[in-house]
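Take a look at the structure set out below.
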Amino acid sequence: MQTTVRKLGNSAGLIIPKAVLSQLGLSAGDAVDVRLEDGRLVLAPARPRRRAGWADASRKVAASGEDLAWPEFVNAGDDTLLW
């Protein structure tokens, strides 16, 4: 299957045929990873970054002022233990 590189402003782009998009599980507007391997252009669906959104979630928890300690998980007599 062939396609043509097209000019898009100062860049260039490819029209990806619908059948290929379908096989990749992609649709218009989806993010993709682009890399070169042995002189070939490789496109793959973008994977979410590990821990994506954790920083925002942490800020929300901190801003809520909730106590994050879970006292129900301590054992009776823990306060008398000697270390």
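Nothing fancy with the numbering, it's 1 onward along the sequence.
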- Query: Should we say atom NZ of Lys7 is surrounded by more than 12 heavy atoms from elsewhere, each under 6.0 Å from it?
  - Reply: yes
- Give, for atom NZ of Lys18 and atom OG of Ser22, the distance between the pair rounded to the nearest 0.5 Å. 8.0 Å
- Item | Same apolar cluster (I L V M F W Y, side chains within < 4.5 Å links), Val34/Val20 | yes
- Item | salt bridge (Lys or Arg N to Asp or Glu O under 4.0 Å) partners for Arg47, two or more places apart | none
- Message: Are Met1 and Val42 linked, directly or through intermediate hydrophobic residues, by side-chain heavy-atom contacts shorter than 4.5 Å (ILVMFWY only)?
- Response: no
- Message: When you measure from the side chain of Ser58 to the backbone of Trp54, do you find a donor-acceptor pair of N or O atoms at a distance under 3.5 Å?
- Response: yes
- What is the minimum heavy-atom distance between Leu26 and Ala31, and which atoms define it? CD2-O, 4.3 Å
- Note on the structure: Residues Val61 and Ser64: closest non-hydrogen pair is O-OG, 2.7 Å
- Query: Could you walk me through whether Thr3 and Ile16 pass the side-chain contact (heavy atoms from CB on, under 4.5 Å) check?
  - Reply: CA-CA 8 Å; Thr3 189; Ile16 303 172; over 6 Å; no
- Task: Could you tell me which residues satisfy salt bridge (Lys or Arg N to Asp or Glu O under 4.0 Å) with Arg6, sequence neighbours excluded, listed by chain and number?
- Result: none
- Interatomic distance, CG@Leu41 vs CG@Leu36, rounded to 0.5 Å, equals 6.0 Å
- Task: Would you check, one step at a time, whether the test side-chain contact (heavy atoms from CB on, under 4.5 Å) holds for Leu14 with Val5?
- Result: CA-CA 5 Å; Leu14 296 172; Val5 177; 3.6 Å; yes
- Is the backbone of Gly53 close enough, under 3.5 Å, to the side chain of Asp56 for a donor and an acceptor to pair up by distance? no
- Message: Contact between Leu43 and Asp33 at the side-chain level, heavy atoms closer than 4.5 Å - yes or no?
- Response: no
